[in-house]
Enquirer: 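This is the structure, below, for whatever I ask next.
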Amino acid sequence: MMKSAPLISFVILALMGLMLDQFLNPYLQRTMALVLVNIILAMSLNLVNGYTGQFSLGHAGFMAIGAYTSAYLSTHWVAPAAIVPHLLFFIFYSLVSGCFAAIAGWLVGQPSLRLKGDYLAIVTLGFGEIIRVIILNSSALGGARGYFGIPGPSPISFGGLALNAFYSFYLVAILWVLTCFFVIYRTISSTHGRAFMSIREDEIAADSLGIHTTRVKVKSFVLSSFFAGVAGSLFSHCMNFIAPSTFSMLMSINVVIMVVLGGMGSMTGPILAAVIISVLPEALRPLQELTGQDYRMVIYSLILIVLMLVRPQGLLGHKEIWNFWRKTRVE
Amino acid sequence: MNPVLELEDLHVHYGSIHALKGVSLKVFAGEIVSLIGANGAGKTTTLRALSGIVPCRGRISMNSKEIQTLPSHQRVRLGLAQSPEGRGVFPLMTVEENLDMGAFIYSDKEQINQDRDFCFTLFPRLKERRSQLAGTLSGGEQQMVAISRALMARPQVLLLDEPSLGLAPLIVAQIFEIVKHLNELKKMSILLVEQNARMALKFSHRAYVMETGKITLSGNAADLLSDDSIRRSYLGH
């Protein structure tokens with residue numbers, strides 16, 4: 001891959017965002033923002049579940065840590081906008097949130113990643129719930145009422161073109177989406193990344209090749225939690241309001257669905273699935289108006305069941321989107 | 001002469017099952033030693049204890065240095081590499097990536113490339129298939145990958161766990177030839193665990209016979225091959 005690929009894709013996406021900002025209505029923009037958050041969540045969980053083969057169900061916990069860190073920071077430590085551009089502050093908030101989540105990931109991973117399979121799933125699930133209950137009971141974080149009034153990035157303008165606040169958020173979000181993508185992509189193409197995959201494929205063999213399996217698993221877990229924290233931070237600035245109930249087990253499972261549906265161990269699969277899973281419930285809304293009843297979730301679940309029956313290996317399996325392209329071009 | 005690898009009074013428990021009841025054996029430099037015995041005798045358990053995959057009690061020493069307390073990933077650095085039972089290749093990685101994983105503990109590109117080329121001269125088949133996913137190879141080819149991967153760790157003692165498992169007799173013979181060639185060429189010590197006793201005895205210098213967690217017999221492979229009780233119990237006639 002080219003060295004300048006991250007920069008080029010950032011510029012392209014930033015320009016695309018200008019159009020989205022001008023032509024989409026606020027509702028679609030909100031959906032779009034959630035898609036970006038979900039993409040980061042899916043990619044980061046894929047590193048643990050897909051590439052390292054460790055089944056984690058605690059992603060919402062790390063996301064919650066990130067979301068609340070960012071919420072607290074942005075309301076208590078307000079940016080002196082005159083000195084530093086407002087946008088940079090949001091990047092800083094999400095960076096700190098990511099670091100907090102990564103520390104939590106290290107603390108949880110250290111003891112629990114010695115476990116395997118179902119046991120690990122239960123431990124991480126328990127951890128996610130612990131985080132949620134702690135937040136629920138701490139009044140400084142709003143407790144069960146939730147955390148109100150989290151600011152989003154303020155609108156910026158380019159020359160004569162006045163842009164919505166959406167564009168500011170969009171810039172921060174795609175910056176993180178691309179960082180997440182390239183960091184994970186380059187990690188898994190390195191020797192260290194292969195160590196992740198060797199654990200997924202045969203842990204005993206990996207151990208007997210001199211790989212410190214627990215340490216490698218913790219590494220993958222920490223990196224994954226970092227990006228989950230970043231996603232949580234973006235989520236809080238996008239929604240402006242967060243509550244403990246948002247980060248329940250259901251949220252973790254939703255992310256697992258994105259990873260499994262997209263194809264564990266594919267870079268682009270979970271991205272595709274994240275888009276589908278976030279857009280599908282919204283796209284089915286007209287149906288609700290048509291029938292007058294909320295069959296939306298029934299159909300949504302049916303689609304998931306059918307997809308899993310037809311493609312049990314996930315939408316893309318172990319391949320990437322560009323592998324499919326190349327194939328059709330050759331034929 | 002001091003042995004390269006020595007086990008003394010090794011015990012392994014799986015829960016309440018006493019799987020190894022005091023196993024002692026020695027491997028000297030440049031030797032092929034085979035460990036034969038029936039199903040469930042504890043051959044694989046011995047290898048697993050050796051490479052630190054199962055916890056054990058007793059003494060394991062390598063070049064007179066005790067290693068039984070070290071975790072498995074550190075034992076590799078001391079020159080103990082295993083080709084695990086059932087091959088254990090990484091199915092979704094290419095042959096070449098599998099081999100590179102074997103050299104995980106090294107970072108000297110030059111030497112790694114040389115080692116890889118050496119494996120390809122041992123198993124030319126793998127060179128043809130270097131960019132194929134290991135999971136799509138035949139059983140024999142996967143065995144070649146597993147052995148080569150262990151070789152990439154530059155072992156002093158190579159541990160081979162049932163290289164003949166599930167392979168056609170012709171391929172088994174081929175693999176044993178290569179193991180022997182490797183031993184002669186590199187003077188590498190090899191500890192071989194086998195159910196195929198005839199083949200193992202034919203290719204090794206010395207052998208140990210295991211029965212229900214204990215070594216019951218040991219000696220020169222050629223002598224064992226002509227021993228009446230061995231013939232009756234392990235060689236079929």
Side-chain angles (χ1 to χ4, degrees), chain A residues 46-47 49-54 110-111 113-114 116 185-220 259-260 262-269 312-314 316-320 323 326-327, chain B residues 44 47-54 70-94 96-109 112 133-136 142 145-155 157-161:
Chain A
N46 186 34
L47 184 64
N49 283 27
Y51 286 112
T52 320
Q54 307 300 311
Q110 207 59 267
L113 284 169
R114 285 160 210 278
K116 292 187 179 84
Y185 187 79
R186 291 213 165 136
T187 307
I188 56 146
S189 346
S190 72
T191 317
H192 273 283
R194 288 219 202 97
F196 292 171
M197 284 182 260
S198 71
I199 289 174
R200 169 188 72 193
E201 295 184 12
D202 196 319
E203 194 168 340
I204 289 181
D207 216 353
S208 73
L209 293 179
I211 296 169
H212 191 324
T213 46
T214 305
R215 191 187 295 158
V216 171
K217 283 192 268 185
V218 170
K219 255 188 218 165
S220 140
V259 173
V260 175
M264 298 216 250
S266 156
M267 234 12 254
T268 39
Q313 74 274 46
L316 300 189
H318 280 282
K319 297 204 178 103
E320 304 294 349
N323 295 136
R326 233 173 256 163
K327 216 185 215 168
Chain B
T44 295
L47 277 204
R48 291 209 169 146
L50 250 176
S51 50
I53 295 164
V54 295
L70 297 180
S72 48
H73 57 92
Q74 280 178 24
R75 295 188 197 188
V76 182
R77 287 169 204 272
L78 292 174
L80 208 56
Q82 184 176 6
S83 153
E85 188 184 21
R87 306 186 270 270
V89 298
F90 304 126
L92 292 173
M93 293 189 201
T94 64
E96 206 166 344
E97 286 169 344
N98 262 279
L99 295 198
D100 288 350
M101 285 314 297
F104 183 77
I105 52 173
Y106 300 112
S107 51
D108 43 348
K109 284 245 163 62
I112 292 174
L133 293 186
T136 62
Q142 289 192 16
V145 172
I147 295 175
S148 307
R149 195 180 55 186
L151 285 178
M152 293 294 287
R154 302 171 205 166
V157 182
L158 177 65
L159 310 173
L160 295 179
D161 198 348

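Throughout, a chain's letter reflects where its sequence line sits, starting with A, and its residues are numbered from 1.
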Enquirer: Are A:Gln54 and A:Asn49 packed together at the side-chain level, in the sense that at least one heavy-atom pair is separated by less than 4.5 angstrom?
Expert: no
Enquirer: Kindly confirm or rule out a cation-pi arrangement of A:Arg200 over A:Tyr51, judged by NZ or CZ under 6.0 Å from the six-membered ring centre and within 45° of its axis?
Expert: no
Enquirer: Heavy-atom distances under 4.5 Å only: say whether B:Leu92 touches chain A with side chain, backbone, both or neither.
Expert: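 Both backbone and side chain of B:Leu92 come within 4.5 Å of chain A.
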Enquirer: Within a strict 4.5 Å, meaning less than it, do heavy atoms of the A:Ser266 and A:Thr268 side chains meet?
Expert: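 Contact flag for A:Ser266/A:Thr268 side chains = yes.
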Enquirer: Between A:Asp207 and B:Arg75, does a salt bridge (Lys or Arg N to Asp or Glu O under 4.0 Å) hold up when you go through it step by step?
Expert: CA-CA 10 Å; A:Asp207 216 353; B:Arg75 295 188 197 188; over 6 Å; no
Enquirer: Could you check which of B:Arg87, B:Met93, B:Arg77 has the highest count of heavy-atom pairs closer than 4.5 Å to chain A?
Expert: B:Met93
Enquirer: So which residue, B:Gln82, B:Met152, B:Arg48, B:Glu97, ends up with the most heavy-atom pairs under 4.5 Å with chain A?
Expert: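 The candidate making the most pairs under 4.5 Å is B:Glu97.
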Enquirer: If you compare all heavy atoms of A:Asn46 against all heavy atoms of A:Gly263, which two are closest, and at what distance to 0.1 Å?
Expert: OD1-O, 4.3 Å
Enquirer: What residue, out of B:Ala81, B:Pro91, B:Gly102, B:Ala153, has the most heavy-atom pairs lying under 4.5 Å from chain A?
Expert: B:Pro91
Enquirer: Heavy-atom distance under 4.5 Å to chain A: side chain of B:Pro84, backbone, both or neither?
Expert: side chain
